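Read the structure below first, then the notes.
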Amino acid sequence: MRRERGSVRTKSASQDRATDMRMQIERAIRMIPRGKVSTYGAVARGAGFPGAARQVAAVLRRGFGLPWQRVLGSGGEIKLTGDSAIEQRLRLEAEGVRFRGRKVDMKLCEFKFGRSARQN
DNA sequence: TGCATGACTCGAA
DNA sequence: GTTCGAGCCATGC
């Protein structure tokens with residue numbers, strides 16, 4: 001394991017980098033069309049930050065007006081708990097997303113980020 | 001400044 | 001199928 005975590009970005013200008021990271025992540029999230037879903041890890045990679053899945057979650061929590069329900073855990077599993085999990089499932093089903101048991105049918109509904117994902 | 005935390009991920013057992 | 005451990009990183013206190 002230990003994915004492609006090799007991108008050792010310098011610590012300098014970390015604040016600027018953090019802002020850029022949030023913008024890229026938000027952009028990636030907004031790219032997910034209605035009826036499609038993606039995962040935290042996929043969004044992070046699509047935004048250009050492999051391994052930053054937790055930051056995707058942070059952006060979703062703090063972000064406003066984002067289609068948060070379209071972001072799931074690995075394998076298409078809902079990682080939320082309680083009300084949020086129920087609401088997320090209802091919202092996705094309303095958009096036409098198909099569930100297989102407790103997971104989303106990723107074969108049908110996974111949105112794949114292309115290279116253009118972070119081309120702006 | 002430093003440490004703990006979190007809507008994570010993935011391979012191995 | 002579940003559990004565990006290790007790794008990444010921004011954020012809050």
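Reminder, nothing fancy here: chain letters follow the sequence lines and each chain counts from 1. A quick note: this is a predicted structure, and the numbers were derived from the prediction, not measured.
Scanning both residues, A/Met106 and A/Val37, for their nearest heavy atoms gives SD-CG2, 3.7 Å. When every heavy atom of A/Phe111 is checked against every heavy atom of A/Met31, the shortest pair comes out as CZ-O, 3.7 Å.
Of the candidates B/dT9, C/dT2, C/dA10, C/dT2 carries the atom nearest the A/Arg102 side chain, counting heavy atoms from C-beta on. Side-chain proximity of A/Ala53 to the nucleotides B/dA7, C/dA10, B/dT9 is greatest for B/dT9. Distances were taken from every side-chain heavy atom of A/Arg54 (C-beta onward) to each of B/dC8, C/dT2, C/dC9; the shortest belongs to B/dC8. Picking from C/dA10, B/dT9, C/dG12 the nucleotide with the shortest atom distance to the side chain of A/Lys79 gives B/dT9.
Salt bridge status for A/Arg70 with A/Glu95: present, with a side-chain N to carboxylate O gap under 4.0 Å.
Using a 4.5 Å cut-off on side-chain heavy atoms (C-beta onward), A/Arg89 and A/Ile78 make contact. Taking the side chain as every heavy atom from C-beta outward, A/Trp68 and A/Arg91 approach each other to under 4.5 Å.
Residue A/Arg61 places at least one side-chain N or O under 4.0 Å from the OP1 or OP2 atom of B/dA7. For the pair A/Arg45 and B/dC8, the criterion of a side-chain N or O lying under 4.0 Å from OP1 or OP2 is not met. For the OP1/OP2 pair of B/dC8 and a distance below 4.0 Å, the side-chain nitrogens and oxygens of A/Ser74 include no atom meeting the criterion.
Here B/dA7 presents its P atom at 15 Å from CD1 of A/Ile29, a figure rounded to the nearest Å. Spacing between atom CZ of A/Arg62 and atom P of B/dT5 amounts to 18 Å, rounded to whole angstrom units. As a whole-Å value, the separation of A/Leu72 CG from B/dC10 P is 13 Å. A/Trp68 places its CH2 atom 13 Å from the P atom of B/dA7, with the value rounded to the nearest Å. Regarding A/Tyr40, its OH atom lies at a distance of 19 Å from the C1' atom of C/dG7, rounded to whole Å. Taking atom NZ on A/Lys103 and atom C1' on B/dT9, their separation rounds to 13 Å, with Å as the unit. Taking atom CG of residue A/Leu60 and atom P of nucleotide B/dC8, one finds them 10 Å apart after rounding to whole Å. Atom CD of A/Gln55 is separated from atom C1' of B/dT5 by 11 Å (rounded to the nearest Å).
Here, C/dC13 and B/dT1 have their C1' atoms 12 Å apart, quoted to the whole Å.
Along DNA chain B, the nucleotide closest to A/Gly75 and the one closest to A/Leu80 are compared, and the more 5′ of them pairs with A/Leu80.
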